[in-house]
4 protein chains.
Amino acid sequence: MTSPASGRPLRADALRNRAKVLAAAEEVFAVQGTSASTEEVARKAGVGIGTVFRHFPTKESLLEAVLVALLERLAAEARGLRSADDPGAAFFGFFGRVVAQAAAKQAVTEALAEAGVDARQATGRAGPDLKAALGVLLGRAQEAGAVRADVGAGEVMALLAGMSYAAGRAGAREDVLRIAFDGLRPREAPDRPGAPG
Amino acid sequence: MTSPASGRPLRADALRNRAKVLAAAEEVFAVQGTSASTEEVARKAGVGIGTVFRHFPTKESLLEAVLVALLERLAAEARGLRSADDPGAAFFGFFGRVVAQAAAKQAVTEALAEAGVDARQATGRAGPDLKAALGVLLGRAQEAGAVRADVGAGEVMALLAGMSYAAGRAGAREDVLRIAFDGLRPREAPDRPGAPG
Amino acid sequence: MTSPASGRPLRADALRNRAKVLAAAEEVFAVQGTSASTEEVARKAGVGIGTVFRHFPTKESLLEAVLVALLERLAAEARGLRSADDPGAAFFGFFGRVVAQAAAKQAVTEALAEAGVDARQATGRAGPDLKAALGVLLGRAQEAGAVRADVGAGEVMALLAGMSYAAGRAGAREDVLRIAFDGLRPREAPDRPGAPG
Amino acid sequence: MTSPASGRPLRADALRNRAKVLAAAEEVFAVQGTSASTEEVARKAGVGIGTVFRHFPTKESLLEAVLVALLERLAAEARGLRSADDPGAAFFGFFGRVVAQAAAKQAVTEALAEAGVDARQATGRAGPDLKAALGVLLGRAQEAGAVRADVGAGEVMALLAGMSYAAGRAGAREDVLRIAFDGLRPREAPDRPGAPG
DNA sequence: TATGAATGAGGCTTCATTCAT
DNA sequence: TATGAATGAAGCCTCATTCAT
């Protein structure tokens, strides 16, 4: 997602501008919600409004780019945990960090929801990419017995979106996450200290 | 919520119009989101734009009224289940129906979120009312051993909002609810180290 | 100006309502300017908006009625001074009181201006009536040598409107009136008792 | 007053548009009063409504700009007469021309009134500037014995506003001005071409 | 006749998008 | 390519006026 739809690679300065705009948009939308004006984004980025529209021909496309960037970052983080020592901790840790981020940036929640809506469309490859990376974490956690076997990546994505929403709007956080985590754990309490023989 | 803020009760025809507007708003906001125009609401209600503003002097006040109406309806339903035979079924059934509604009406989710944000403010008494009614269902379900004892109404509200969001946006539904419900049920092995972090 | 244009005399209660509306309009327009809403007038009068429009079919007609009432009152006061002992004092005193009133009620200035615009039209008989009454005061003051002989009632009306405006908007009052009064006095008789007040 | 509040000077074409809008506003407000619509101003200026709001973010700010422009023009004219040969003629001539202008442009009267209301606030520096320039003309005319010594610039401003109002609304003009001028002249030197012999 | 609810034109303002500089 | 001025559709809201109760 670093070149324009047209194909041709951007000049270095144009690329830099694109990045500035994207960063500004991320922050502005995070703070003011997605109804913030494009002008505001331009101001924050220190470029003219025309430059914003040159890189993102539509406000919607700008919004999409922000969501894609967020999803890509999450996917990258998930991929980095692919071979963590403790698969359960990796999975739950990742889940928790995403929700914490979402509490601060509404756009994260939207990105997750968007990605969940069938995991294609607007966000292009980013949704499926995240889902795949999350699927790997999930699989390993399931193999390790830390997560019940009968849930799939799709459900976890949805749960993630829901918890992110709850974290951002409704005042809860840890308490609600605890419920979701317990719901994700194996019912039988497989091999965990403290369970019956 | 059937008389205007000003005082004196409305004439029968005015009351009818108020209801028409409210119903139209509910539907319009459900379908198009809360950014739908007031004009659209008026059109759907079959009244002039002036009539909408006579009853709800601000778009915000109209939105609030819609949310309050939704919350009141949910609270009423919850209160109706106060003495249901099977407290567990009552609680989980209610939870599930709310989420199902939310899948169709985005406004329900917003109402829940709004209500959760400390349960006062914009939605007035409606938020706390729902929380209280839900608390009763929860308490009985807990007494009956159908729900774990260490969760409160606030967390359930937040979970409800999150699940509603997930249901409406991310494509899931029953599968995700299953996880949440399992998380709410008492563990077979009550005390167990390892909470989310 | 106590019966409707239609002819038929009003019932006692209707007449009372008309008066209430007129009084309310006078006060509301005085305080908020002529852009105050008709609804506000109805509220102040304690009647329904429909009643206001029954008596004054147009906002403009209501405004006119207010102006006419003011002019009639001024004309009546002027007529009451017709045979005052000191014609000069009567003339200047009247002038000063009108200006003082105008400082508080913007509508007075508008009434005078309206009346001056040819002294007919909108305000009907009221403009000419005031002009005539003022003319009498002026004539006697001129005969008594208190006012220069080469000014007519029309010019005095215009001067009155101008001073009223100045008094209401620009911060002046007595100082400016003094200039106008000196301008009205005969050149030949420099010092003379009776200053503005 | 040729650059926007924001800072940086406007591009040539933008400056031209700003001027067009201002001129149009001046004319529209002159003819229809200050309640004329912004849309009308845009139409008259031959620009889109958005352009008007880009230069003047509020209707009030547009109105203010018009008043300021008028006051500045008057102040400039007054300053140009600072060293006129005949101070009396300069003073009275200026006074008369202002009133004549006001007869055509209602906005002039409002500008003067606004400026008189303490000579600050809305019109910023423009009010005091005019008052100062007028004060110079007045002072020289007083030194030359053409104007009585016991009036100040404030009173003259107020008188100017009043006469402007009278000229625009009440039908008078020269006759009324004559009264005001006589009121301004020194009492002691009734008929006077050029001063004492 | 009185009431006040209903109406809708019209006003102000915002903002995504286009285009001349 | 970058800039930011210009555009105008569209949104919210007010208010004079009409009309059913």
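Per chain, numbering begins at 1; letters A, B, ... match sequence-line order.
Closest approach of A/Ala126 and A/Glu72 over heavy atoms only: CB-CG, 4.2 Å. The shortest heavy-atom contact between A/Leu112 and A/Ala161 is CB-CB, 4.0 Å. The minimum heavy-atom distance linking D/Phe29 with D/Ala36 is given by the pair CE2-O, 3.8 Å.
Taking a pair to require two hydrogen-bonding distances under 3.5 Å in either a Watson-Crick or a G-U wobble arrangement, F/dA20 pairs with E/dT3. Nucleotide F/dG8 forms a Watson-Crick or G-U wobble pair with E/dC15, both donor-acceptor distances falling under 3.5 Å.
Looking at heavy atoms from C-beta onward, A/Val108 lies out of side-chain contact with A/Leu67 at the 4.5 angstrom threshold.
Checking each of D/Val47, D/Val52, D/Leu22 against D/Asn17 for a side chain to side chain contact (heavy atoms under 4.5 Å, CB included) leaves exactly one that passes, namely D/Val47.
Taking atom CZ on B/Phe56 and atom P on F/dT14, their separation rounds to 16 Å, with Å as the unit. Rounded to whole Å, atom C1' of E/dA5 lies 12 Å from atom NZ of B/Lys20. In this structure, A/Arg18 atom CZ and F/dT1 atom C1' are separated by 16 Å, rounded to whole Å. C/Phe53 places its CZ atom 5 Å from the C1' atom of F/dA16, with the value rounded to the nearest Å. Rounded to whole Å, atom C1' of F/dT3 lies 14 Å from atom CG of A/Asp13. With rounding to whole Å, B/Leu62 atom CG is found 10 Å from F/dC12 atom P. Between C/Lys59 atom NZ and F/dT17 atom P the separation is 9 Å, expressed in whole Å. For the pair D/Gln32 CD and E/dG10 P, the interatomic distance rounds to 14 Å; values are reported in whole Å.
Salt bridge status for B/Glu26 with B/Arg73: present, with a side-chain N to carboxylate O gap under 4.0 Å.
Comparing E/dA2, E/dT13, E/dA6 by their closest approach to the side chain of B/Thr51 singles out E/dA6. Taking only side-chain atoms of C/Ile49, from C-beta outward, the nucleotide of F/dA5, F/dT17, E/dA6 with the closest atom is F/dT17.
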Working for salt bridge (charged side-chain N to carboxylate O under 4.0 Å, His left out), residues A/Lys105 and A/Glu27
CA-CA 8 Å; A/Lys105 293 194 181 183; A/Glu27 184 172 348; over 6 Å; no

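Annotation: of the two residues near DNA chain E, A/Thr58 and D/Ser35, the 5′-most nearest-nucleotide partner is D/Ser35. For C/Gly50 and B/Ala36, each mapped to the nucleotide of DNA chain F holding its nearest heavy atom, the one lying further toward the 5' end belongs to B/Ala36.
DNA chain F is contacted by B/Ser37, B/Thr38 of residues 37-48 of chain B, taking any non-hydrogen atom closer than 4.0 Å.
Here C/Asn17 reaches the OP1 or OP2 of E/dA2: one of its side-chain N or O atoms lies under 4.0 Å away. Residue A/His55 places no side-chain N or O under 4.0 Å from the OP1 or OP2 atom of F/dT1.
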